[in-house]
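Comments concern the structure below.
Reminder, nothing fancy here: chain letters follow the sequence lines and each chain counts from 1.
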There are 2 protein chains.
Amino acid sequence: MAGNTNVSVSVIKRLPRYYRFLGELKKSGIVRISSGELSKRMGFTASQIRQDLNCFGGFGQQGYGYNVEQLYREIGKILGVDNNIKAILIGAGNLGKAIATHMSFEQRGFNLIGIFDKNEALAGQLVRNIPIRHISGMYNFCRDNSPVVAVLCIPSENAKDIIEELIPLGIKGFWNFSHYDIANNYPDVAVENVHLSDSLMMLSYRINNLK
Amino acid sequence: MAGNTNVSVSVIKRLPRYYRFLGELKKSGIVRISSGELSKRMGFTASQIRQDLNCFGGFGQQGYGYNVEQLYREIGKILGVDNNIKAILIGAGNLGKAIATHMSFEQRGFNLIGIFDKNEALAGQLVRNIPIRHISGMYNFCRDNSPVVAVLCIPSENAKDIIEELIPLGIKGFWNFSHYDIANNYPDVAVENVHLSDSLMMLSYRINNLK
DNA sequence: AGTAGTTTGTCAATAATATAACAATAAAAA
DNA sequence: TTTTTATTGTTATATTATTGACAAACTACT
């Protein structure tokens with residue numbers, strides 16, 4: 001049964017992983033795959049895989065399994081990898097520059113069109129062929145170019161103000177690397193908090209608690 | 001009731017967030033806090049907060065609440081922020097360098113002692129005052145310095161080999177930024193996969209599905 | 001000291017998520 | 001063509017996580 005309403009967060013979190021594995025299968029020339037075989041390779045149960053995929057449509061066929069190419073395309077469509085969402089990045093420090101350079105924005109449905117920093121000294125410097133602009137030009141830039149997503153690589157002190165400046169300018173999504181927790185009480189705004197420090201602390205916890 | 005056995009992953013994931021909020025409360029001079037007040041600030045239910053904290057010990061007091069300073073210290077201890085776990089970083093590209101420079105390893109219980117890359121041209125370059133070494137020196141370096149954690153900022157193609165070289169050298173934890181999924185079938189090894197691309201794709205999904 | 005008001009720790013109830021089971025159906029083999 | 005085998009979609013069950021409820025216990029006030 002198709003229809004992507006009310007899909008739980010747990011399912012959505014697994015989608016990129018399916019996409020990644022299917023991409024690899026495709027690359028290695030595998031044409032069809034069963035939920036059982038996928039289960040072995042990915043470490044999810046076959047039951048879960050079938051149930052996950054069925055949230056979006058009956059992509060498989062009894063007695064055959066799933067067509068790798070088709071399933072890859074379908075999940076890509078669900079994840080919107082063919083979109084071309086305009087994005088800006090705020091904060092061109094070490095992390096900001098690395099994210100700008102390192103991420104394959106285009107392959108994930110995004111188009112990075114502007115980079116901003118409060119440090120005037122950085123202005124004009126090119127990152128991924130995009131000039132860093134002083135933050136004071138952000139307002140006009142957004143008005144003129146209508147980006148939809150902002151990548152935040154800024155100190156947490158500045159986060160709240162930047163967010164509340166950007167939302168009225170039409171930003172609908174934040175990819176947040178700052179330590180600030182973006183409350184999800186802004187209507188119609190999507191947020192992905194990355195919180196690298198949290199991840200590092202969890203690793204610390206796990207190492208301390210190895211059997 | 002104390003004892004940190006069988007604490008669920010869901011709880012552990014929230015610990016760094018508690019730690020972060022308590023740090024802010026401490027900074028702003030707040031001495032005590034109730035689960036109800038924390039609930040309002042963090043967006044978890046008071047019941048969940050009390051239950052989470054009780055996995056590790058009865059840190060609160062009826063009629064009073066929790067002492068901010070004490071709770072901060074306790075959670076820090078649980079997360080091991082006062083440890084000094086020796087870590088190496090493999091892959092000094094954009095992302096690797098940024099992670100090395102940007103992260104407060106010491107504040108999270110780690111001590112970054114070595115950086116490696118397969119690119120000979122980078123050898124000798126200083127990042128955070130640590131010289132980049134050629135990957136060929138990794139074996140001896142590990143034997144001599146016994147790092148416990150490896151931060152992987154390498155392409156997925158190289159991941160499996162590096163991991164299987166490092167485990168016999170005594171690496172007990174991986175902070176993995178590569179696209180490779182580290183299977184958790186290595187006994188006594190802790191893994192934190194970051195998967196930035198997955199996070200970006202989830203943002204894409206969410207933007208496409210805003211009401 | 002006694003009492004009223006808080007707030008925890010914990011148990012019970014509910015909700016969410018994952019797994020197992022299986023009939024329906026298609027592919028492959030006989 | 002018929003039978004066997006494979007594998008899905010889907011319902012039922014089990015497990016895990018979250019929320020609600022409340023007695024016990026402490027604080028703070030009178």
Point to revise | Annotated protein contacts, base or backbone, on nucleotides 14-24 of chain D with a non-hydrogen cut-off under 4.0 Å, one of B, S, - each | key: ---SBBBBB-B

Check your understanding: Can you name the salt bridge (Lys or Arg N to Asp or Glu O under 4.0 Å) partners of A/Glu164, sequence neighbours left out?
Key -> A/Lys160

**Study point:** A/Tyr19: ring-ring contact (aromatic ring centres under 6.0 Å, His included) partners, not counting sequence neighbours
**Key:** A/Tyr72

Which pairs, protein N/O on one side and nucleotides 28-30 of chain C N/O on the other, fall under 3.5 Å?
unit_1 : atom_1 : unit_2  : atom_2 : d
C/dA28 : OP1    : A/Arg32 : NH1    : 3.4

Check your understanding: Reckon B/Asn54 has a side-chain N or O less than 4.0 Å from the OP1 or OP2 of C/dT10?
Key -> yes

Point to revise | Geometric cation-pi criterion, B/Arg41 with B/Phe21: 6.0 Å, 45° | key: no

**Study point:** Residues in ring-ring contact (aromatic ring centres under 6.0 Å, His included) contact with A/Phe105, at least two apart in sequence or another chain
**Key:** none

**Study point:** Pairing residues for B/Tyr139 by the ring-ring contact (aromatic ring centres under 6.0 Å, His included) criterion, not counting sequence neighbours
**Key:** none

Check your understanding: Who are the salt bridge (Lys or Arg N to Asp or Glu O under 4.0 Å) partners of A/Arg206, not counting sequence neighbours?
Key -> B/Glu192

Study note, to complete from the structure: From NZ of B/Lys40 across to C1' of C/dT7 the rounded distance in Å is 13 Å

Point to revise | Qualifying ring pair (Phe, Tyr, Trp, His ring centres under 6.0 Å) pairs, either residue in residues 145-170 of chain A, two or more places apart | key: none

Review point. Who pairs with B/Lys40 by salt bridge (Lys or Arg N to Asp or Glu O under 4.0 Å), at least two apart in sequence or on another chain?
Key: B/Glu37

